[in-house]
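The figures that follow rest on heavy atoms only: side chains count, while hydrogens, waters and symmetry mates do not. Below, chain A is the first sequence line, B the second, and so on; all start at residue 1. Not measured: the values here are computed from a predicted model.
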Amino acid sequence: MSVRVRFAPSPTGHLHIGGARTALYNYLYAKAQGGTFVFRVEDTDLERSKKEYEVSQLEDLRWLGIDYDEGPEKPGEYGPYRQSERTHIYEEYAKKLVDDGLAYYDFCTDEELEAMKERAMKEGRPPHYEGKWRNSEYFEEAANKLAAGEKGAIRFKAPKKSYVVNDEVRGRVVFPENMVGDFVIIRSNGLPVYNFCCVIDDMLMKITYVIRGEEHLNNSVRQLMIYEALGGTPPAFAHVSLLINKDRQKLSKRDGVTSVTKYKEESYLPEALINYLCLLGWSHPDEKEIFAIDDIGLAFDAKRFAKSAAIYDLEKLKWVNGMHLRALPNDELKSKIEEFIAKDHFYFSQSDTWKDSAIELLKNQIEFFSDFQPRLDSDLLNGEVNRSEKLEDVLSWDTTKKIINFLKDKLAGIDDSFISKEKFQEIFKSLKTELELKGKPLFMGTRVCLTGQDHGPELGDLVPLIPLKIIKERINHLS
RNA sequence: GCUCCCAUCGUCUAGCCCGGUCUAGGACACCGCCUUUUCACGGCGGUAACAGGGGUUCAAAUCCCCUUGGGAGUACCA
């Protein structure tokens, strides 16, 4: 039997990073197994579902590089793939259950239901349905109400027996009998409820393996009941751990970092986000940290899912982003970086050679495209000097002065815009011999005087990129 | 309340299934140090964890039980 997996979000908001991660795992699993990845829209909640969210979720998935094989826009054998277009199917199956005596019409009001629940809680019992409609003696009354045009919900008669979920992540999970009471499968407005249509669809779409968030583990019981009632074979399950925030709460909109759209807007690299997400709850067999998802291939093994919830923390994501940024081809990196530099910036008035060198030099210090300009300003274009206290240990003020005077002298005669690399090497060598400096004082001294900072990229590469005007400014600042 | 899940450095995790090789490995972050100049997306080093208590065993991060802590579900939401 061929492997079929699915990702089935409800279009009630933008794609959530938790959702993106589940989608990714399904995608990777399908890829590793040579299976089919189905995208299904669970839009049975009319109030909250919006078409625009379906569109945006699809877009975000594509942006992340997660492609699916069957879905609303890629019809396959088992469509339609929007639950709102499948209501007749659910209805049919629900009626069959009613006919088989496995489900019944319920006409209880919200108030009655609420009262039932309260009573049960007070008495320490699980809040199960105990209305009259589950008894066969009321079936006739129900039929009459129905015939009279009254709207009733269809409730599934939960069998009183224990169920076992053989979860690929959690192992054998046993649920006691009496854990769930009769539950609604078709609302009084005629629309199905998640636990019901999910099973019908998974069955009809021939899903063999369900990878989803741990919040659904308990739902599995209800779903197993439906499979049983309908005579279907349940798929294998893998309930992956949840993503939580630093307060160990389920990640919510309030955390401000949850929608994929946001990362797109903030110019994160999709390959970085997806790489990071993959690592939250799954580990590469070779302990690789940086990879392209399409390179994982057979290394993707669902056995490597972690059981415990993972805190979603931006720090590592930033690092991953930096790694992917540096791996970009030069021309792509350049054009992306330029999008984040002010139009009237000094940068744009420079030669291509200068631009390329500046990018080559500074790309190792940035994690985001937007980090480049600030870096440029502070390292190359700022006349200020930052002479830190700890520098005193290796570099005396005396030495600094000597270097300053020497450099002033050497640079005075030059009025090009920049010092060439050769010229710089020449000055540096003479400084070394004439002032008899070496080691740290030599390098640190020169660095501080020319760059204004006590750390930074290779001097020989850095100095030729700094406008001479700025260098002179820095030296003046020091003397 | 009831049911279920989870528990290794600050964070993500390896190891747990098949006890000894673990004085617990890696990564991010943090803190040091390293460049007389072919690879700083670098190198070297440091701080830092098996929640607690019982058992089983010659031996437990690994197996069992309890406690504690966290999470999820308990909807005519998904």
Over all strands shown, is [X] touching base, sugar-phosphate only, or nothing at heavy-atom distances under 4.0 angstrom?
X        : value
A:Gln249 : sugar-phosphate
A:Arg155 : sugar-phosphate
A:Val174 : sugar-phosphate
A:Cys108 : base
A:His216 : base
A:Lys318 : nothing
A:Pro127 : base
A:Ser188 : base
A:Asp167 : nothing

Is the shortest side-chain N/O distance from [X] to OP1 or OP2 of [N] below 4.0 Å?
X        : N     : answer
A:Arg212 : B:G73 : no
A:Lys307 : B:A14 : no
A:Thr44  : B:A78 : yes
A:Gln425 : B:U37 : no

Are any of the side-chain heavy atoms of [X] and [Y] separated by less than 4.5 Å?
X        : Y        : result
A:Asp182 : A:Phe156 : no
A:Lys132 : A:Glu141 : yes
A:Leu97  : A:Leu230 : yes
A:Phe37  : A:Phe7   : yes
A:Lys145 : A:Trp133 : yes
A:Lys303 : A:Pro285 : no

Rounded to the nearest Å, what distance is computed from the [atom1] atom of residue [X] to the [atom2] atom of nucleotide [N]?
X        : N     : atom1 : atom2 : value
A:Arg222 : B:G73 : CZ    : C1'   : 7 Å
A:Leu217 : B:C6  : CG    : C1'   : 11 Å
A:Tyr194 : B:U74 : OH    : C1'   : 15 Å
A:Phe196 : B:C76 : CZ    : P     : 15 Å
A:Arg375 : B:A40 : CZ    : P     : 16 Å
A:Asn218 : B:A78 : CG    : P     : 17 Å
A:Glu118 : B:U74 : CD    : C1'   : 15 Å
A:Glu112 : B:A75 : CD    : P     : 17 Å

Using purine N1 to pyrimidine N3 plus N6-O4 or O6-N4 for Watson-Crick, or N1-O2 and O6-N3 for G-U wobble, each under 3.5 Å, what pairs with [N]?
N     : answer
B:C2  : B:G73
B:A51 : B:U67
B:G45 : B:C31
B:A40 : none
B:A60 : none

[X] side chain: which of [options] is closest?
X        : options             : result
A:Met121 : B:C77, B:G1, B:A29  : B:G1
A:Val193 : B:G73, B:U3, B:A78  : B:A78
A:Asp45  : B:C77, B:U35, B:G73 : B:C77
A:Trp319 : B:C76, B:C2, B:C28  : B:C28
A:Arg170 : B:C76, B:C6, B:U3   : B:C6

Anything under 3.5 Å between a protein N or O and an N or O of nucleotides 9-13 of chain B, put it in a table, one pair a line.
{"unit_1": "B:C12", "atom_1": "OP1", "unit_2": "A:Ile311", "atom_2": "N", "d": "2.8"}
{"unit_1": "B:C12", "atom_1": "O2'", "unit_2": "A:Leu279", "atom_2": "O", "d": "3.1"}
{"unit_1": "B:U13", "atom_1": "OP1", "unit_2": "A:Gly281", "atom_2": "N", "d": "2.6"}

Roughly how far apart, to the nearest Å, are [N] and [M] at atom [atom1]?
N     : M     : atom1 : result
B:A24 : B:A60 : C1'   : 13 Å
B:U62 : B:G53 : P     : 13 Å
B:A48 : B:U11 : C1'   : 12 Å
B:G70 : B:U8  : P     : 15 Å
B:A27 : B:C76 : C1'   : 48 Å
B:A61 : B:C22 : P     : 13 Å
B:A29 : B:G52 : C1'   : 29 Å
B:A75 : B:C31 : P     : 50 Å

Please tell me whether A:His216 and A:Tyr194 form a close aromatic pair, meaning their ring centres lie under 6.0 Å apart. yes

Ring geometry between A:Phe424 and A:Phe428 (parallel below 30°, tilted from 30 to 60°, perpendicular above 60°): tilted

Starting from the 5' end of RNA chain B, give me the residue, A:Gly460 or A:Lys117, whose nearest nucleotide shows up first. A:Gly460

I want to confirm an ordering. Mapping A:Gly152 and A:Phe305 to their closest nucleotides on RNA chain B, which one lands closer to the 5' end? A:Phe305

Salt bridge between A:Glu123 and A:Arg125, side-chain N to carboxylate O under 4.0 Å? yes

Before accepting this row, confirm whether a basic side-chain N of the pair A:Lys50/A:Asp43 lies closer than 4.0 Å to the acidic partner's carboxylate O. no

First locate atom CG of A:Asp202, then atom CZ of A:Phe237, and finally report the distance between them rounded to the nearest 0.5 Å. 7.5 Å

